[in-house]
Amino acid sequence: MAPAPPPASFFSTAEVQRRLAAGACWVRCGARLYDLTGFVRHHPGGEQLLRARAGQDVSADLDGPPHRHSANARRWLEQYYVGELQGDPQDSMENGAVASANTQKIDPVLEPKFKVVDWDKDLVDWQKPLLWQVGHLGEKYDEWVHQPVIRPIRLFHSDFIESLTKTVWYSVPIIWMPLMLYLSWSYYQTLAQGNVRLFTSFTTEYSVVMPESTFPGLFILGTFLWSLAEYILHRFLFHMKPPSNSYYLITLHFILHGQHHKAPFDESRLVFPPVPASLLIALFYAFLRLLLPEAVAGSVFAGGLLGYVIYDVTHYYLHFGSPHKGSYLYDMKAYHVKHHFTHQKSGFGISTKLWDYLFHTLSPEEPHPKTQ
């Protein structure tokens with residue numbers, strides 16, 4: 001038999017108000033209280049959408065209009081249940097300090113749509129590294145990996161190897177921006193010498209001189225090409241569906257991208273760690289050098305490096321930032337939320353939707369009932 005649930009705790013209106021005044025984010029459904037303080041930064045719709053409802057009854061927001069929350073969202077809310085409100089739920093709690101905030105309705109476009117996860121019957125042992133377990137899931141892997149959880153993931157037994165798979169978001173600009181600036185200056189100086197020519201491998205008579213004035217165009221081309229590379233990698237490599245009978249391909253998929261879809265709010269795994277990023281960036285440079293003279297390839301590469309930094313920092317912000325409604329980043333955040341929680345096989349653009357438009361992989365728009 002399952003153990004009986006612990007007895008509910010009871011909180012007075014004054015106690016709840018004290019916690020709210022201290023910065024906690026508590027909400028209620030009827031008399032049931034939920035402490036969302038630890039969840040606000042993970043909320044796909046942004047922190048302010050939950051903060052605006054702190055101290056209030058969110059039953060109407062769950063039921064809609066304009067948006068009725070799924071059974072999955074309600075199940076996830078129960079993770080944060082802390083107890084019951086004493087006295088009349090309709091008393092002064094909602095007329096106190098929190099209700100005086102600038103209340104706004106939760107935007108349904110940015111609401112998560114979690115799939116059900118049965119914690120008591122999960123397919124892996126969360127007390128052990130996951131990388132060596134997921135390959136055994138077989139045909140169950142694809143469904144399992146797209147059931148997101150709010151908990152950290154451990155991949156390896158070794159603490160050292162595990163540390164190489166994690167990083168903070170600001171390591172990306174700290175490491176790669178100085179390199180981008182150095183390469184830009186260095187290759188601009190090389191172009192300024194006037195002896196760089198294109199097509200010399202094929203012809204000397206019709207080769208083209210590349211003066212320093214071509215550097216901005218080459219740099220912008222590199223940024224543009226990175227956005228295409230970003231799309232191709234995300235769609236065809238990160239979202240490949242590994243054969244259910246291949247332990248190694250399932251494991252490879254999980255370490256490349258499956259881990260991110262399983263734990264989309266693990267902030268230590270939202271940007272590429274320096275070691276695997278170095279391999280990807282080296283391949284990008286080697287590809288350009290096969291096609292172009294060193295100074296030309298280096299100029300394009302410097303622009304691509306900036307594109308990579310923008311991509312990775314944008315990706316982090318789409319998960320943890322709270323952009324203003326109506327802004328470009330607000331639209332991209334809503335778009336990326338749909339990719340994670342609703343349409344995993346579309347919406348591959350992170351910094352731009354351009355390639356999704358061109359290759360017809362835009363996430364479908366979902367009509368919402370109008371408020372009566």
Side-chain angles (χ1 to χ4, degrees), residues 1-64 67-108 110-122 126-127 147-153 262-268 319-320 322 337 341:
M1 294 179 59
S9 299
F10 291 90
F11 298 87
S12 67
T13 299
E15 173 61 21
V16 174
Q17 290 287 5
R18 282 195 296 271
R19 292 174 183 268
L20 295 174
C25 182
W26 285 34
V27 299
R28 66 180 181 86
C29 291
R32 293 176 65 82
L33 293 167
Y34 301 87
D35 181 4
L36 301 183
T37 309
F39 178 69
V40 288
R41 288 194 64 239
H42 301 299
H43 183 232
E47 180 174 347
Q48 76 277 13
L49 296 181
L50 289 183
R51 291 287 183 187
R53 309 305 293 171
Q56 300 183 24
D57 189 337
V58 297
S59 300
D61 296 287
L62 292 175
D63 292 331
H67 172 72
R68 181 175 177 81
H69 286 64
S70 67
N72 287 321
R74 296 165 191 266
R75 176 182 176 86
W76 275 74
L77 179 63
E78 291 304 315
Q79 295 180 98
Y80 302 98
Y81 171 73
V82 291
E84 303 287 322
L85 179 66
Q86 286 181 325
D88 183 1
Q90 301 300 324
D91 68 7
S92 60
M93 179 177 171
E94 293 192 347
N95 297 317
V98 178
S100 66
N102 293 325
T103 301
Q104 63 188 66
K105 290 289 184 181
I106 295 177
D107 194 320
L110 296 181
E111 278 302 293
K113 297 178 177 64
F114 291 106
K115 295 183 178 180
V116 175
V117 178
D118 189 337
W119 295 103
D120 297 326
K121 300 179 181 178
D122 202 10
W126 286 88
Q127 304 303 314
Q147 294 176 342
V149 299
I150 305 177
R151 63 188 303 170
I153 281 179
K262 189 62 182 176
F265 305 124
D266 186 345
E267 59 184 323
S268 66
H319 280 261
F320 284 99
S322 297
V337 167
F341 298 104

Hey, could you give me the CD/CG distance between Glu15 and Leu20, rounded to the nearest 0.5 Å? 10.0 Å

Please identify each residue that fulfils side-chain hydrogen bond (donor to acceptor under 3.5 Å, both in side chains) with Ser12, with sequence neighbours left out. none

Does any non-hydrogen side-chain atom of Lys262 lie less than 4.5 Å from one of Ile153? yes

Mind checking whether Trp126 and Val149 have side chains closer than 4.5 Å, heavy atoms only? yes

Could you go through Phe320 and Glu267, starting from their C-alpha distance and side-chain angles, then the distance that decides it, and tell me whether this counts as side-chain contact (heavy atoms from CB on, under 4.5 Å)? CA-CA 8 Å; Phe320 284 99; Glu267 59 184 323; 3.4 Å; yes

Separation between OG1 of Thr37 and CZ of Arg51, rounded to the nearest 0.5 Å: 6.0 Å

Please answer whether the main-chain N or O of Gly83 pairs with a side-chain N or O of Ser9 as donor and acceptor at a distance below 3.5 Å. no

Trp26 vs Val82 side-chain heavy atoms within contact, under 4.5 Å: yes

Would a distance-only check, ignoring hydrogens and angles, find a side-chain to backbone donor-acceptor pair under 3.5 Å from His319 to Pro264? yes

Check Arg28 against Leu85 and note the closest heavy-atom contact, atom names and distance. CD-CD2, 3.9 Å

Mind checking what makes salt bridge (Lys or Arg N to Asp or Glu O under 4.0 Å) contact with Arg32, not counting sequence neighbours? Glu78, Glu84

Does some side-chain heavy atom of Tyr81 sit less than 4.5 Å from a side-chain heavy atom of Leu33? no

Run Cys25 and Asp35 through side-chain contact (heavy atoms from CB on, under 4.5 Å) and show every step you take. CA-CA 6 Å; Cys25 182; Asp35 181 4; 5.5 Å; no

